[in-house]
Structure formats: C-alpha cells, structure tokens
Amino acid sequence: MDYFGSEHEIFQNKELLQVSHLPDGDRIIGREDELTNLANAIKPAMRGNTPNNVLVYGKTGTGKSLCSKFITNQAVERAKGNDVSIGVAYVDCLQESTETQAVQSTGHQLNAKPETGISIPHSGLSTAEYYRRLWRIVDARYDVALIILDEVDKIEDDDILMQLSRAVESGKLTESTVGVIGISNKVRYKDSLDERIKSSLCEREYVFSPYDAGQIREILRSRSDAFHEGVLEDSVVPRVAALAAREHGDARKAIDILRFAGEIAEENDLDAVTEDCVDQAHEREETSRLAELISKSPSHAKLVLEAMALLTQQEEGDDTPVTTNEVYDLYRRLCDRDRSEHLKLRRVRDILSELEFLSIIDQERKWAGKGKGNYMENRLIDDPEVIIAACNESE
DNA sequence: CCAGATTTCCATAAAAACTAGA
DNA sequence: TCTAGTTTTTATGGAAATCTGG
C-alpha cells in the first residue's frame with residue numbers, strides 16, 4: 001500500500017499559485033501603465049524627498065496590492081543606489097481594523113529592535129504612544145517610510161490617515177518623511193472622507209481596471225510553471241480565464257481556481273489537469289473565500305452564524321429570513337451544548353451587523369404594526385450547508 | 001494605564017389599529 | 001366616510017459602564 005499517494009505529481013512549484021506570490025522580473029502582466037503611474041508618484045522618495053500620497057481604486061483581483069508591493073520593493077532597491085533608505089510597511093486593514101492596531105502593525109514592521117532599542121508591545125499602550133514610537137523608529141532608521149494601507153475603506157477610523165499624511169507637516173518627524181498608499185475596492189470611498197484628509201491623502205489617484213480575458217490567460221500561463229511539464233491540458237487555461245473574466249476579471253480568483261484544479265487532479269490521482277477539474281475547482285473557489293472569512297472570525301460569531309444557517313435550513317424556501325430572536329434562541333442552545341457561556345442579546349445584535357458588514361448576511365428591519373413592534377430579518381447570502389461546513393471546519 | 005470586548009440601560013422608530021372630529 | 005391624530009408594541013442601536021488581558 002502506497003500511503004503517499006500517486007506517482008502522478010501535479011505540482012512542481014505550488015508557491016507560484018499563491019496569490020501573495022510576487023512575480024519576479026520587472027514587469028507585471030497588463031499593468032505597465034499603472035506601475036508607471038505609481039512609480040511616478042513615489043519617485044521623490046528616491047532622493048529622500050516626500051513622495052506623493054496615493055489612493056488606488058479597483059475591484060478585487062485587479063492587481064492593486066501586487067503592484068503596490070512590487071513598486072515599493074523596487075523603490076527600496078533603487079534608493080539604496082542613491083544612499084537613501086526606504087522602509088515599507090504593508091497593513092491589511094481588514095485584519096488590523098482599528099487605528100491602534102494599524103499603527104502598531106506599522107511600527108512592528110518598520111522596527112528593528114537591536115538597532116533602535118525601541119520595543120512595540122502587542123498591546124497595552126495608548127494609541128498616541130504607538131505613534132510616538134513609530135515616529136522615533138522612522139526617524140532613526142529611514143529617510144522615507146512608505147506605508148501601504150490595503151482595504152483602507154475597512155478601517156473604522158479616519159484618524160490614522162490624517163496622522164500619517166500630516167506627519168511631516170506637523171513636525172512629528174524631523175529627519176524623515178512618509179508616503180501613504182491607500183488601496184480601496186470602493187470607488188466611492190473618497191466621498192466619505194473628511195475634506196482635510198482628501199486633500200492630503202488623495203494627491204494622486206489611480207483606478208485599476210479589470211483584466212480582460214487575454215490578460216488573465218497570460219497571467220495564468222506565466223504561472224503555469226507551478227505545474228509539471230505537460231500536466232496541464234491545453235484547454236485548461238482558457239477555461240479558467242473564461243470563468244474568471246465572467247466575474248469582472250478577477251485575477252486572484254483565476255489563480256485560485258487554477259490551483260484548486262491542480263489540487264483536485266492530485267486528490268483524484270489523475271495524471272493531468274482536465275476541464276472537469278476546472279469546473280469542480282470553480283465551485284470550490286466559491287466556498288473557499290467564505291470559509292477563509294469565517295475561519296478568521298471569533299468563535300461566537302461562528303456560533304451565531306451556525307445558528308442562522310441551521311434555522312435557514314429548517315425553513316421551506318431557499319432564502320427565508322430569520323429574526324434576530326430566533327437566531328439568539330438557537331445560538332444560546334448551541335452554547336449550552338458546548339457548555340460555554342453565551343453572549344448577551346445586545347452583543348449578538350452587534351455580531352449580526354458585523355456579519356452584514358462582511359457581506360455574509362443581509363439585514364432588513366421590518367415593522368409589524370400596532371402591538372407587534374418591529375424585528376430584524378436576517379438572510380444568509382450563501383448556501384447554509386457551505387456555512388455550516390465552514391463553521392465546523394476551523395475548530 | 002490602555003484598547004478592545006461585552007454588558008447594562010434606555011430612548012426611539014414605525015405603522016397598523018383605534019379614536020375623535022368633520 | 002374620510003382624515004388627522006393618538007396609542008400600542010418591540011427589537012433596535014446609541015451611550016455609558018464594566019470587564020479583561022497585557
């Protein structure tokens with residue numbers, strides 16, 4: 001018995017299919033203009049001057065993060081030649097969703113304790129103190145700090161944008177300077193900003209358009225070295241590209257699908273990746289983003305979601321809404337089952353609105369009339385079975 | 001002491017049913 | 001009969017208080 005599976009090796013270098021993988025070489029497919037624009041905005045940093053702050057828009061999977069990381073890395077390398085030191089921090093505002101966490105993370109990335117002697121504790125400091133330490137670090141180690149704020153629209157507080165973009169003018173930094181690159185999915189994001197922030201953060205704005213099918217094909221081909229020679233059937237890449245193009249040219253999705261297709265071929269012990277695998281991979285991709293999101297949620301959020309999914313399943317119709325009270329009742333029973341403490345109703349309401357913010361559920365407030373008050377209808381956006389699976393998976 | 005999570009407390013929205021006035 | 005105003009109800013969500021880990 002061969003416990004280690006097949007002799008049909010599918011992947012040669014799976015790393016290439018990680019979305020976070022930065023392609024080497026000095027170009028990213030189909031984004032020449034965008035890279036040039038970004039480079040221009042950053043250019044002053046090469047001489048140690050203040051770069052332009054940039055706001056980058058574009059749908060998911062249009063290469064915003066990739067290009068920003070890429071160009072800043074290039075900048076660091078180039079600047080070395082001029083004897084200018086640039087520091088880059090990349091903050092995912094979906095994870096670091098408060099001002100404090102974002103500053104803390106930035107400080108952590110730019111710090112080198114042996115060099116500066118400054119420590120950035122995981123918690124316990126005031127926001128102001130995190131800022132103070134960050135400025136000290138930047139002053140000590142760099143001429144320019146470039147801070148990439150990915151998914152800025154997900155951050156709860158605008159203050160950080162203010163602080164970062166004004167750091168130089170307000171004299172917080174004496175030796176150095178900073179540049180901010182904000183990345184947002186929402187084109188309307190700028191409208192929600194304070195005037196003062198607008199003027200300083202949005203010195204340059206660039207919109208990343210979706211990739212077309214041809215570009216996606218090219219991207220996939222450039223990464224097909226991830227597979228062993230001849231393992232990919234010819235029709236696979238075009239098929240994946242077609243699926244992704246249908247979804248507003250999301251390259252991340254395309255790469256994910258391709259990777260899943262490979263995994264499926266591997267699991268089924270096939271010697272090649274076929275179109276069939278692609279179709280299955282497409283389904284798997286749809287659930288994986290959700291599963292990812294859910295697995296990162298706190299455990300009580302999962303229980304609430306599970307309660308919702310179970311209730312939705314019981315109902316006849318497909319997307320029958322459930323009320324908050326129904327959810328809460330079942331949620332409490334689930335907690336009893338696990339012998340854990342349940343949260344109070346008020347908190348569960350907040351959890352539900354957080355889930356709505358994450359686009360996992362829909363909420364609508366309804367009014368029942370005299371003597372009946374009002375209630376909130378909660379509706380799952382995705383298939384309950386998928387949600388239940390995702391909730392149980394990450395235990 | 002600090003931020004972040006959770007709880008406690010409570011004013012409030014909305015719309016149908018009901019009432020009074022025309 | 002129609003209209004304008006009042007009553008009734010309950011989950012909601014804002015605000016403040018309290019708890020927790022560091």
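Below, chain A is the first sequence line, B the second, and so on; all start at residue 1.
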Return yes when atom [atom1] of [X] has more than 12 non-hydrogen atoms of other residues, nucleotides or ligands closer than 6.0 Å, and no otherwise.
| X | atom1 | result |
| --- | --- | --- |
| A:Glu267 | CD | yes |
| A:His300 | NE2 | yes |
| A:Glu169 | CD | yes |

For A:Ser176 and A:Asp139, which I'm curious about, is there any donor-acceptor pair between the side chains at under 3.5 Å? yes
With no hydrogens and no angle check, just 3.5 Å: does a side-chain donor-acceptor pair link A:Asn325 and A:Tyr375? no
For each nucleotide in nucleotides 12-22 of chain C, reading 5' to 3', give B when a protein heavy atom comes within less than 4.0 Å of its base, S when such contact involves only the sugar-phosphate, and - otherwise. BBB-------B
Salt bridge flag under 4.0 Å for residues A:Glu286 and A:Arg284: no
Salt-bridge contact A:Asp350-A:Arg346 (side-chain N to carboxylate O under 4.0 Å): yes
Return the residues of residues 152-162 of chain A meeting this criterion: a heavy atom under 4.0 Å from some atom of DNA chain B. Order them by number, or give none. none
Has A:Thr98 got a side-chain N or O lying under 4.0 Å from the OP1 or OP2 atom of B:dG4? yes
Describe, as an angle rounded to 10 degrees, how the axis at the first end of the helix from B:dC1-C:dG22 to B:dA22-C:dT1 is tilted relative to the axis at the last end, five pairs per end. 10°
Interatomic distance where NZ belongs to A:Lys372 and C1' belongs to C:dT9 [whole Å]: 10 Å
Same apolar cluster (I L V M F W Y, side chains within < 4.5 Å links), A:Val152/A:Val56: no
Give the intermediate values and the outcome of ring-ring contact (aromatic ring centres under 6.0 Å, His included) for residues A:Phe11 and A:Phe227. CA-CA 4 Å; A:Phe11 292 110; A:Phe227 295 91; 5.1 Å; yes
